[in-house]
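For reference, the structure discussed in these notes is given below.
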Amino acid sequence: TITLDTILVHESGYFSAEFELEELNWIEMDLGVYKCVLMVGPGYLYQVSLPTRRDKTEEEIRSPFFEPTILHLRVSAEVSDEDANAPDLNSEIFHFDTLLFRINAEQLMARSRKKRFPIDSLLLSIEESYKYIPSAYFSDYRKYRYGLIQMNSGSKSLKDIYNSYLSVEYPALKNPAYLDLFNKMYAKFFYYFSRTKEGNKLNQVVNLEHNHKVLRRELQKHNSIPNDTIANLVILKEVNESFYRDFFYKEALLMILDSIIADPSIPIYSEYAMDIKADLTNLMIGTSPPEISLLDQNGQRASLDDFDQK
């Protein structure tokens, strides 16, 4: 996913941005409490409208648990010089998600009332409407979304969900539907797995071993984590999300990140571990603050360096 740098907006409200792409990807735009997302491809020009920005409150800024509202931008015009017949995937994904999330809400309501819901036949019917769209990316996107719906149905085990929907050679880290399913499957995994017979040594491994290789062997005792690549991804997710909870020592979690940085199962995991560590430690005592400068009451620019050793 690409996060755009600062975009200047004209006083009329119009803005523009250009960036280089080699393949389909997602961009994110931070509008305070909103995170706007848009799927973009090389050679395309998109015309979109942004929602009214609402800045975060002081409480939301300080909270490590704050999550922005995700908004998929509607595309009013999409132009490509290379392939005029290419499908408008943003519109297709928007309509697909709208339909699927409505069905998911109905399914959850039926489940709360202990009523049967024909989820399998509904998903087959939906796929009939979309399977002829010529996009491998969108095909994978739908598959991961179906897995999320099946996950919410409660009718399949984690092992079944993994084998049916996530069993790929490399995690589809650029596909948000994959990440949504992955995060749902392994939500609070350390906490829940450590309370099972198979995972009752997990706390000890995290707090005393400090090594991701030992930890991933422990995780692979669960039948939904069949290989090192998935195990390491679970570790990265759980270290990030467990840091501000009191289940594990913070120093131990940081040492696990260091071990992944030094020896990742795939290279991108080292980058992820470094980014996570930077985010987790930027407010810890002893961490160097970022360079910052502001105007004082006299209009003079002052920086933190001006107060060094004072």
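Atom set for the values below is all heavy atoms of this structure, side chains included, hydrogens, waters and symmetry mates excluded. Here the structure is a predicted model, which is why all the values come from computation and not from measurement.
A pairwise comparison of heavy atoms in Ala231 and Leu219 identifies O-CD1, 3.9 Å as the closest pair. Taking all atoms of both residues into account, the shortest heavy-atom contact from Ser265 to Asn232 is OG-ND2, 2.9 Å. Listed here is the closest heavy atom pair of Ser153 and Ser155: OG-OG, 2.8 Å. Nearest heavy atoms, Ile276 versus Leu236: CD1-O, 3.6 Å. Residues Glu218 and Phe193 come closest through the heavy atom pair O-CE2, 3.5 Å.
Asp246 CG: 12 or fewer foreign heavy atoms inside a 6.0 Å radius. By the 6.0 Å contact criterion, OH on Tyr249 is open, its count of non-hydrogen atoms from other residues, nucleotides or ligands being 12 or less. The local environment of CZ in Phe117 is crowded, with over 12 non-hydrogen atoms from other residues, nucleotides or ligands closer than 6.0 Å.
Comment: Lys213 does not engage Asp228 in a salt bridge, judged by the lack of any side-chain N to carboxylate O separation of less than 4.0 angstrom. Ionic pairing of Arg54 and Glu60 is present here: one or more N-O contacts between side-chain nitrogen and carboxylate oxygen are shorter than 4.0 angstrom. Using a 4.0 Å cut-off between charged side-chain N and carboxylate O, Arg142 and Glu127 make a salt bridge.
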**Request:** Take Thr196 and His222 through the test side chain to side chain contact (heavy atoms under 4.5 Å, CB included) and record every step on the way to the result.
**Result:** CA-CA 10 Å; Thr196 66; His222 195 284; over 6 Å; no
**Message:** Is there a side chain to side chain contact (heavy atoms under 4.5 Å, CB included) between His95 and Tyr130? Walk through the geometry before answering.
**Reply:** CA-CA 11 Å; His95 290 299; Tyr130 285 96; 4.2 Å; yes
**Request:** Evaluate side chain to side chain contact (heavy atoms under 4.5 Å, CB included) for Arg145 paired with Phe101, printing each intermediate quantity in order.
**Result:** CA-CA 9 Å; Arg145 280 288 186 247; Phe101 291 158; 3.8 Å; yes
**Check against side chain to side chain contact (heavy atoms under 4.5 Å, CB included), Thr69 and Val33** = CA-CA 6 Å; Thr69 300; Val33 298; 5.6 Å; no
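At a cut-off of 3.5 Å, with distance as the only test, no side-chain donor of Asn227 or Gln220 sits close to an acceptor on the other residue. Using modelled atom types and a 3.5 Å distance limit, the side chains of Asp97 and Tyr141 yield a donor-acceptor pair.
Side-chain contacts under 4.5 Å among hydrophobic residues (ILVMFWY), followed directly or transitively, place Met274 together with Ile261.
For Phe190 and Phe247, the ring centers sit 6.0 Å or farther from each other. A ring-centre distance under 6.0 Å is found for Tyr146 and Phe96.
Linking ILVMFWY side-chain heavy atoms closer than 4.5 Å, directly or via other members, places Val214 and Ile256 in a single hydrophobic cluster. Cluster membership check: Leu158 shares its hydrophobic cluster with Leu148, using side-chain heavy-atom separations under 4.5 Å among Ile, Leu, Val, Met, Phe, Trp and Tyr.
The main-chain N or O of Ile149 is found under 3.5 Å from a side-chain atom of Gln107 such that the two form a donor-acceptor pair. In this structure a side-chain-to-backbone donor-acceptor pair under 3.5 Å is present from Ser112 to Met109. Between the side chain of Ser259 and the main chain of His212, a donor-acceptor pair closer than 3.5 Å is present.
For the pair Arg195 and Tyr192, the NZ or CZ position fails the cation-pi test of under 6.0 Å to the six-membered ring centre and within 45 degrees of the ring normal.
For the side-chain contact (heavy atoms from CB on, under 4.5 Å) criterion with Leu257, the lone passing option out of Asp275, Ile235, Leu280 is Leu280.
Interatomic distance, OH of Tyr170 versus CD1 of Ile230, reported as 12.5 Å (0.5 Å rounding). Leu38 CG to Leu73 CG: the interatomic distance, rounded to the nearest 0.5 Å, is 5.5 Å. A distance of 3.5 Å separates CD1 of Ile225 from CZ of Phe189, quoted to the nearest 0.5 Å.
Tyr178 and Phe182 have parallel rings, their planes meeting at less than 30° on a 0 to 90° scale where 60° marks the start of perpendicular.
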